[in-house]
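Below: the structure, in structure tokens.
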Amino acid sequence: MARMMPLDEAVRQNLRPGDTAAFEGFTHLIPTAAAHEAIRQKIGNLTLIRMTPDVVYDQMIGMGLVKKLVFSYAGNPGVGLLRRMRDAVENGWPQAVEVEEHSHAAMANAYEAGAAGLPCAIFRGYRGAELARVNPNIKSVTCPFTGEQLAAVPAIRPDVTFIHAQKADRKGNVLVEGIIGIQKEAALAARRTVVTVEEIVDDFSNAHPNLCILPHWTIDAISLVPGGAHPSYAHGYYARDNAAYLEWDEVSADRERFQAWMEENVLNAAPQDFANRVEKLRTAQ
Amino acid sequence: MARMMPLDEAVRQNLRPGDTAAFEGFTHLIPTAAAHEAIRQKIGNLTLIRMTPDVVYDQMIGMGLVKKLVFSYAGNPGVGLLRRMRDAVENGWPQAVEVEEHSHAAMANAYEAGAAGLPCAIFRGYRGAELARVNPNIKSVTCPFTGEQLAAVPAIRPDVTFIHAQKADRKGNVLVEGIIGIQKEAALAARRTVVTVEEIVDDFSNAHPNLCILPHWTIDAISLVPGGAHPSYAHGYYARDNAAYLEWDEVSADRERFQAWMEENVLNAAPQDFANRVEKLRTAQ
Amino acid sequence: MTRQDFTPNEMMTIAASRALTSEDVCFVGIGAPSAACNVARLTHAPDITLIYESGTIGTAPDVLPLSIGDGELCETALTTVSVPEMFRYWLQGGRVSIGFLGAAQLDRFGNINTTVVGDYDKPKVRLPGGGGAPEIATSSGQVYITMAQSKRGMVEKIDFYTSFGHGDGGNHRQRLGIDTKGPTLLITDLAIWQPDPETKEFTVVSLHPGVTREQVQETCGWTVKFADRLEETPPPTPLELSTLRDLKARTERAHKGAEAPGARKGSKDG
Amino acid sequence: MTRQDFTPNEMMTIAASRALTSEDVCFVGIGAPSAACNVARLTHAPDITLIYESGTIGTAPDVLPLSIGDGELCETALTTVSVPEMFRYWLQGGRVSIGFLGAAQLDRFGNINTTVVGDYDKPKVRLPGGGGAPEIATSSGQVYITMAQSKRGMVEKIDFYTSFGHGDGGNHRQRLGIDTKGPTLLITDLAIWQPDPETKEFTVVSLHPGVTREQVQETCGWTVKFADRLEETPPPTPLELSTLRDLKARTERAHKGAEAPGARKGSKDG
């Protein structure tokens with residue numbers, strides 16, 4: 001049952017050292033504020049899951065909070081590689097990170113299976129692809145009707161999923177719009193779900209009946225954090241800060257510059273700082 | 001690529017004797033006009049698929065056009081049994097109908113697998129249920145990670161699917177709203193798809209980005225048939241004709257009364273008659 | 001025994017409604033379950049989440065739907081999802097606390113038949129089939145069943161296991177790997193039944209006002225077990241009764257619909 | 001050889017755009033493929049359907065997205081679906097005619113590596129990984145690849161088979177049960193390549209204006225095969241060139257974004 005609370009409390013109550021956690025968002029609605037709060041609280045030893053780990057996972061890895069990464073595309077979208085992740089994987093700095101790597105199709109199906117309460121997902125995938133050789137969590141199943149071999153992966157069931165959404169209503173129902181990505185599945189697949197939102201409204205009574213809405217009883221905590229997806233964006237609220245993604249490529253290239261940036265922009269910052277960061281990116285509503 | 005054409009032509013071009021056909025609609029948006037056109041064209045020897053065969057399938061069975069029925073709930077919704085189907089199954093009148101019976105969960109998953117291009121669907125189902133004994137198309141698959149036995153059913157891939165939708169735009173994109181049921185999956189799972197619509201609009205440029213829209217290149221033929229879902233309903237256009245469902249229980253109770261009713265209301269009627277039938281049921285738009 | 005100012009059917013619906021709470025997420029079968037769930041919502045359980053298999057989540061219909069997918073359900077829902085999503089994410093996903101089913105045939109272990117009377121291949125009566133029930137019965141946290149008693153309905157042995165209750169009783173569910181509770185409550189027009197903790201046989205725990213043990217036995221096809229401490233179901237309160245009757249009256253008016261030629265009055269739980 | 005008024009990169013993008021038609025349903029990778037697809041849409045293929053893996057179907061962005069999920073893609077799309085639906089119904093469902101991929105490493109049979117340079121467990125360079133590519137490569141009707149030539153990129157043997165092209169050549173796809181055509185076209189900054197009908201080895205069929213065989217060989221890590229009848233790629237038309245340059249200029253302006261502190265100019269195909 002969704003409870004409204006400040007973000008620090010929501011993270012403290014729902015993310016524990018050693019957890020398997022997903023901070024999901026497919027380019028859009030990335031829960032940056034929640035990830036930064038986790039960094040401030042120094043919750044470590046995490047297994048992080050995400051289809052498209054980008055800047056925030058680069059930051060968590062660089063801060064030494066990550067034991068293992070489950071992913072399908074690890075890049076700074078449109079810019080290049082993730083330099084902190086590379087440093088961890090290639091050089092073990094600040095600590096080695098174990099990698100479980102999939103394709104997007106596999107992870108999308110695995111989240112879907114998690115939301116659907118199944119132990120595994122089957123799909124037509126990985127044919128001729130070498131990931132099946134290096135990832136023991138890629139197996140196969142034979143269709144009992146046609147004999148076709150299909151790829152199988154275990155369902156994803158995070159201990160906790162964090163997502164950012166546009167709106168919650170007063171009861172704690174949550175609305176996600178635009179590029180909805182994998183958020184619904186990631187939220188439903190998790191044991192606990194925390195949502196940061198741009199806005200809290202009275203109700204969704206005028207919303208179209210077929211929108212992506214998570215009922216309040218599927219969510220554990222909701223925190224109001226305007227701008228909380230920056231530098232990603234919130235459809236209808238503010239645009240993507242492409243410049244910040246380009247900047248990250250430079251910041252993350254150097255260990256000391258990275259640490260100074262984190263000190264200033266994360267460790268010594270707070271959830272309410274996000275509102276300022278998107279001020280110039282706000283779109284006409 | 002969707003082509004706009006009159007309903008008689010759309011049915012003639014896309015439904016052939018002996019086809020496996022789905023006229024889908026989950027209480028809402030049932031493609032009655034298309035089914036009536038198929039009856040007028042006397043296209044027989046059909047294998048009909050539908051989760052919830054109701055009045056229109058009762059009519060097609062009673063007219064002797066159906067060889068086999070694949071279904072999960074065959075009833076006059078909220079009223080009772082399907083009397084023409086009972087007469088066919090119990091007494092072979094006007095001809096025997098073969099039955100392949102599933103649960104809703106199985107058929108929903110099987111359509112989903114059809115839309116997803118998979119040969120089969122797996123789900124946690126049929127546990128302790130006797131349908132698995134009488135239906136050879138219910139098998140099982142073992143999860144390669146947990147060892148759990150899951151139910152498996154073959155994907156549904158109709159030769160042709162008919163659905164009714166609220167709107168098409170001029171390019172032939174189709175919008176379905178409200179109780180969207182299984183229509184998207186049924187349309188995408190089929191080799192050919194025919195859509196009847198309430199209305200043709202210029203474009204969907206003001207529609208919410210996450211609505212259920214079928215792109216024009218997934219559809220073969222579109223026919224404008226206002227009222228074409230009667231006695232079911234079209235959300236935003238007209239209400240369900242509950243009285244007609246109650247009436248059907250009486251009409252279908254007697255073979256001769258059934259035949260007279262079909263003569264008058266189907267064989268000697270035309271697609272454009274549907275607009276009149278919903279006139280009194282129209283809701284404020 | 002005094003004359004009651006309510007019918008056995010009304011008592012059944014109201015007794016069933018009392019078993020539901022605001023915290024429940026209830027997968028609602030059409031007919032008697034639908035009436036009970038909505039009476040609960042309109043009285044003591046205003047925050048109950050009602051789910052219909054057509055995809056509507058958190059519905060609050062003003063009139064009872066005739067079908068599982070009436071427009072009213074969508075218009076009043078928090079959200080409406082596709083049917084595959086309903087069965088995958090919401091039912092199979094383990095998010096339903098109560099599956100509420102009716103039955104054509106029921107046995108003492110809560111196994112339900114809505115498929116055929118007689119042999120499956122040569123049925124005497126071809127019933128509508130299982131619909132959502134086979135998986136509602138195994139994926140919901142627990143299952144409530146409601147039906148009017150009759151020897152034809154409550155039978156020693158059902159003709160077909162459409163949906164699994166407690167099977168042959170005891171730990172039969174666990175033996176099949178089913179980890180949900182199954183039928184935990186049966187509400188008829190005469191009594192409230194609960195499964196024996198060991199044998200899982202439905203046992204009468206409460207008689208509705210004015211009902212005798214003999215009446216329960218006469219309308220049941222198996223030898224009825226009664227609990228040692230047999231309660232009397234509290235009669236409907238004025239609020240419960242007026243809520244149910246108002247709901248039924250609104251429903252009847254609505255279902256007459258547009259007065260199409262040949263329209264019959266009223267509806268029938270199907 | 002006269003001085004060209006276009007760059008090799010522009011020629012590459014425009015040559016790639018010409019391979020697309022209004023009837024295509026194109027699953028668009030970010031970077032060079034995205035530019036080519038949008039030039040096609042803005043010139044000779046106005047009705048092409050562009051799909052990005054973020055869920056946007058039928059997009060018509062005014063500027064090129066920096067990421068696969070920029071807001072522009074959703075705002076101009078016919079509809080936006082969830083990522084599982086994208087990969088299940090649209091890609092795996094067989095509805096994509098052209099999968100358009102870039103590559104970090106490519107071999108002569110169209111196999112692609114975007115995973116690691118060096119050993120998988122101890123990589124010299126950890127690349128971003130496959131993302132959608134492994135299934136785009138096998139579920140799309142055919143695959144077009146576009147990349148700038150270099151000995152580091154076009155190699156004798158790739159370090160990791162991220163996505164399967166023609167494997168070891170010949171009928172290797174069929175032997176694995178893959179029934180789609182795989183890579184049928186490679187467009188580089190120097191030439192157009194097509195697989196040999198038998199061996200499936202990429203063969204140069206057209207040199208871009210002013211490019212020599214030697215230049216192609218010098219920037220390719222394997223011994224290049226040239227077709228017997230080697231064409232010259234028609235140079236960009238004024239319309240193609242202005243369309244591409246306008247698109248790039250709009251994109252550059254847009255990606256500077258809100259002039260956040262430390263913002264760098266321009267974007268980079270990633």
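Below, chain A is the first sequence line, B the second, and so on; all start at residue 1. If you're wondering where the values come from, they're calculated on a predicted model, not measured in any experiment.
In terms of heavy-atom pairs under 4.5 Å with chain B, the best-connected choice from C/Pro134, C/Gly71, C/Gly167 is C/Gly71. Of the listed residues (B/Ser103, B/Gly75, B/Pro53), the one with the most heavy-atom contacts under 4.5 Å to chain C is B/Ser103. In terms of heavy-atom pairs under 4.5 angstrom with chain B, the leader among C/Ile136, C/Val116, C/Val83, C/Ile112 is C/Val83. Contact count against chain B (heavy-atom pairs under 4.5 Å) is highest for C/Gln92 among C/Gln92, C/Lys124, C/His172. Ranked by heavy-atom pairs shorter than 4.5 Å toward chain C, the options B/Gly181, B/Ala234, B/Ala129, B/Ala106 are led by B/Gly181. With respect to chain B, the highest number of heavy-atom pairs below 4.5 Å among C/Gly129, C/Gly131, C/Ser139, C/Ser67 belongs to C/Gly131. In terms of heavy-atom pairs under 4.5 Å with chain B, the best-connected choice from C/Ala137, C/Gly55, C/Gly132, C/Ser34 is C/Gly132. The most heavy-atom pairs under 4.5 Å with chain B, out of C/Ala133, C/Ser163, C/Pro84, come from C/Pro84.
Taking a 6.0 Å sphere around CD of C/Gln174, one finds it holds more than 12 heavy atoms contributed by other residues, nucleotides or ligands. By the 6.0 Å contact criterion, CZ on C/Arg152 is open, its count of non-hydrogen atoms from other residues, nucleotides or ligands being 12 or less.
In this structure, chain C has no heavy atom under 4.5 Å from any part of B/Tyr111. In this structure, the portions of B/Tyr126 lying under 4.5 Å from any heavy atom of chain C include both its backbone and its side chain. Within the 4.5 angstrom heavy-atom criterion, atoms from both the backbone and the side chain of C/Tyr161 approach chain B. When heavy atoms are compared at a cutoff of 4.5 Å, B/Ile179 approaches chain C by way of both its backbone and its side chain. Residue C/Thr56 touches chain B through its side chain alone, counting heavy-atom pairs closer than 4.5 Å. Proximity to chain B is absent for every atom of C/Leu91, based on heavy atoms less than 4.5 angstrom apart. Of the atoms belonging to B/Met85, it is side-chain heavy atoms, and not backbone ones, that fall under 4.5 Å from chain C. Heavy atoms closer than 4.5 Å to chain B are found in the backbone of C/Val81, but not in its side chain. Neither the backbone nor the side chain of C/Glu85 comes within contact range of chain B; no heavy atoms are under 4.5 Å apart. With a 4.5 Å cut-off on non-hydrogen atoms, B/Arg133 touches chain C through its side chain but not through its backbone. Heavy atoms of B/Ala239 lying under 4.5 Å from chain C are absent altogether. Residue contact with chain B, scored on non-hydrogen atoms closer than 4.5 Å, involves the side chain of C/Tyr120 exclusively.
Annotation: the span from C/Phe160 atom CZ to B/Glu101 atom CD amounts to 6.5 Å, rounded to 0.5 Å. How far CZ of C/Phe87 is from CD of B/Glu112: 13.5 Å, rounded to the nearest 0.5 Å. We find the CG-CG distance between B/Leu82 and C/Leu127 to be 11.5 Å, quoted to the nearest 0.5 Å. From C/Met86, atom CE reaches atom CD1 of B/Ile180 across 10.5 Å, with rounding to the nearest 0.5 Å. To the nearest 0.5 Å, atom OG1 of residue C/Thr80 and atom NE2 of residue B/His28 are 10.0 Å apart. Interatomic distance, OG1 of C/Thr138 versus CZ of B/Arg127, reported as 4.5 Å (0.5 Å rounding).
The two atoms that bring B/Arg240 and C/Asp70 nearest to each other are CD-OD1, 3.5 Å, heavy atoms only. Nearest approach of C/Asp159 to B/Glu130, heavy atoms of both residues: O-OE1, 4.5 Å.
Side-chain atoms of B/Glu90 never come within 3.5 Å of backbone atoms of C/Lys122 as a donor-acceptor pair (strictly under, hydrogens ignored).
For the pair B/Val89 and C/Arg126, the minimum side-chain heavy-atom distance is below 4.5 Å. Between C/Thr114 and B/Tyr73 the shortest side-chain heavy-atom distance does not fall below 4.5 Å. Between B/Leu81 and C/Pro128, the closest side-chain pair of non-hydrogen atoms falls below 4.5 Å. Here the side chains of C/Cys74 and B/His235 are in contact, with some heavy-atom distance below 4.5 Å. Residues B/Phe26 and C/Glu53 have side chains in contact (heavy-atom distance under 4.5 Å, counting atoms from C-beta outward).
Using a 3.5 Å distance cut-off with no hydrogens or angles, the side chains of B/His104 and C/Glu135 do not pair a donor with an acceptor.
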